[in-house]
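Inspection log for the structure reproduced underneath, given as structure tokens.
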Amino acid sequence: MDTRFDVELIAVTKRYGDAVAVDDISLRIPKNSYCCLLGPSGCGKTSTLRMIAGHETISDGDILINGGNVTELAPAQRGTAMMFQNYALFPHLNRLDNVAFSLKMRGVPKAERHRQAQEFLALVHMEEFATRLPAQLSGGQQQRVALARALITKPSVLLLDEPLSALDPFLRVRMREELKRLQRELGISFIHVTHSQEEAMALADLMVVMEDGRIRQSGSPREVFERPSSAFIARFIGGHNVLPWQNGMIAVRADHCRIGDTSDGPRLTGRIAVVEYQGPIVRVALATDTGVEAAALLPDHLFYRHPVEPGDLVTITWPQAARMSSMHKDGERFRLRSAIANRTL
């Protein structure tokens with residue numbers, strides 16, 4: 001039994017009739033880690049989470065949790081807990097009884113289950129106003145109650161289905177800080193489904209990017225961002241310009257690009273389409289006469305030293321020594337290598 005991993009997916013497939021939602025994926029999630037499943041709508045990330053939880057049957061393959069095969073086990077027998085996107089709180093129960101509900105189903109006496117519920121409400125900073133109903137709580141408060149309710153079962157793996165999507169941007173940042181804190185303090189693995197690249201990069205120890213039911217790349221956020229394995233990954237993760245180059249494509253980080261002509265470095269010339277002020281940075285997007293699109297992310301002090309406007313003809317450059325992910329198509333596979341290029345598009 002391999003105890004280095006909390007969850008292992010072995011050649012897992014999910015079919016709905018003739019449609020394949022998850023296509024023969026394998027994945028190992030190390031112990032006590034924060035894993036984010038990331039991808040566009042319909043990529044298979046939620047189906048994968050639900051199969052780990054036992055809420056969806058597996059068409060082919062196996063799922064191991066803590067080294068044991070749970071493929072045929074019911075959700076309650078897997079040692080997991082799931083926090084749903086809509087929180088699924090009982091509207092007629094106050095938050096103390098919402099958190100204690102699973103213990104009530106197990107026959108735990110009222111005084112003991114309320115004592116434990118108070119402990120877990122305190123863990124998520126919601127110990128006050130325990131008698132309030134869900135309708136009397138804000139979205140962030142409801143999320144904390146749902147999180148306490150999932151954690152009170154003391155799972156070895158917590159599964160989260162887009163838990164931050166209903167929150168406003170400010171609260172979303174606060175709550176992802178709380179999730180990371182809880183994961184570290186509890187010392188268990190969290191598996192978190194999201195469509196937000198920013199969210200995944202902020203939270204994940206292991207980021208798994210999916211497309212069309214398959215895992216396209218997995219690794220630390222820094223690995224995936226700095227070395228995207230395909231044009232799809234570079235575009236989806238964002239922050240890259242994907243450009244035609246020699247016999248393939250390259251991905252150049254937009255924050256490495258600057259506006260200005262150089263005689264010996266790689267460059268791209270076009271007319272500015274958009275200038276977006278984003279506080280500490282300014283995004284300048286351009287298009288060439290041949291339809292190639294690119295952008296530069298400039299520190300605001302650099303942009304305002306020599307500001308430009310839509311319609312201006314400019315040249316984007318990047319350092320000769322800058323690393324660029326070079327993606328050469330080989331059938332349906334892409335090979336990744338570092339490239340130093342010196343060519344004008």
Side-chain angles (χ1 to χ4, degrees), residues 6-7 32 34 46-47 49-58 63-66 68-167 171 174-176 178-193:
D6 275 337
V7 178
N32 307 335
Y34 205 120
T46 297
S47 293
L49 192 76
R50 290 178 62 82
M51 284 190 289
I52 296 171
H55 298 310
E56 293 282 358
T57 58
I58 298 174
I63 293 179
L64 278 62
I65 295 178
N66 293 322
N69 194 321
V70 302
T71 307
E72 303 298 329
L73 296 184
Q77 299 174 303
R78 296 186 177 211
T80 63
M82 189 159 180
M83 181 176 166
F84 296 94
Q85 185 176 3
N86 63 359
Y87 310 145
L89 298 176
F90 297 111
H92 62 289
L93 298 180
N94 63 37
R95 58 179 160 188
L96 187 68
D97 286 327
N98 258 292
V99 174
F101 184 78
S102 62
L103 301 185
K104 181 180 180 180
M105 293 296 99
R106 296 179 183 181
V108 176
K110 184 175 182 179
E112 174 60 17
R113 66 177 185 259
H114 278 185
R115 184 192 67 77
Q116 292 189 41
Q118 284 284 19
E119 287 183 1
F120 279 90
L121 283 169
L123 186 67
V124 298
H125 307 308
M126 285 292 289
E127 61 270 40
E128 297 181 6
F129 311 113
T131 59
R132 287 191 179 181
L133 297 173
Q136 299 171 306
L137 304 176
S138 68
Q141 290 172 329
Q142 289 184 40
Q143 188 204 48
R144 289 172 186 268
V145 174
L147 187 57
R149 187 179 63 180
L151 291 172
I152 200 171
T153 62
K154 299 180 181 178
S156 59
V157 180
L158 180 64
L159 310 173
L160 305 104
D161 184 11
E162 301 204 34
L164 308 180
S165 61
L167 304 180
L171 189 55
R174 292 288 303 274
M175 287 308 303
R176 78 185 185 206
E178 284 296 296
L179 287 173
K180 191 64 176 179
R181 175 187 69 84
L182 285 167
Q183 188 268 323
R184 287 173 173 162
E185 288 183 5
L186 294 169
I188 65 175
S189 285
F190 283 22
I191 305 177
H192 177 134
V193 161

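Just so it is clear, the values below take in all heavy atoms, side chains as well, and ignore hydrogens, waters and symmetry mates.
When every heavy atom of S102 is checked against every heavy atom of I152, the shortest pair comes out as OG-CG2, 3.6 Å. Summarising the geometry of V124 relative to A148, their closest heavy-atom pair is CG2-CB, 4.0 Å, with the distance given to 0.1 Å. What you find for F120 and V99 is that their closest heavy atoms are CB-CG1, 4.5 Å.
Here the CD-CD distance, from Q136 to Q141, works out to 10.5 Å after rounding to the nearest 0.5 Å. Rounding to the nearest 0.5 angstrom, the gap separating the CZ atom in R95 from the OG1 atom in T131 is 8.0 Å. For the atom pair CD (Q142) and CG (L89), the distance works out to 5.5 Å, reported to the nearest 0.5 Å. Note: R113 CZ to F101 CZ = 10.0 Å, rounded to the nearest 0.5 Å. Atom CG of residue D97 and atom CG of residue L133 lie 10.0 Å apart, to the nearest 0.5 angstrom. Annotation: the span from L186 atom CG to R181 atom CZ amounts to 8.5 Å, rounded to 0.5 Å.
No more than 12 heavy-atom neighbours from other residues, nucleotides or ligands sit within 6.0 angstrom of CZ on R174. More than 12 heavy atoms of other shown residues, nucleotides or ligands fall within 6.0 angstrom of atom NZ in K180. For R184, the CZ atom counts as loosely surrounded, since its 6.0 Å shell holds 12 or fewer non-hydrogen atoms of other residues, nucleotides or ligands. The 12-atom threshold is not exceeded at CD of E72, counting heavy atoms of other residues, nucleotides or ligands nearer than 6.0 Å.
The backbone N or O of P163 sits less than 3.5 Å from a side-chain atom of Q143, completing a donor-acceptor pair. Side-chain N or O atoms of Q183 include one that pairs as donor or acceptor with a backbone N or O of N32 at under 3.5 Å. At least one donor-acceptor pair under 3.5 Å links the side chain of R78 to the backbone N or O of I52.
When side chains are defined from C-beta on, S189 does not count as touching V7, because their heavy atoms never get closer than 4.5 Å. With a 4.5 Å cut-off on side-chain heavy atoms, Q118 and L96 count as touching. At a threshold of 4.5 Å between non-hydrogen side-chain atoms, the residues T80 and L158 do not count as touching. Put simply, the side chain of T153 reaches to within 4.5 Å of the side chain of R106, judged on heavy atoms.
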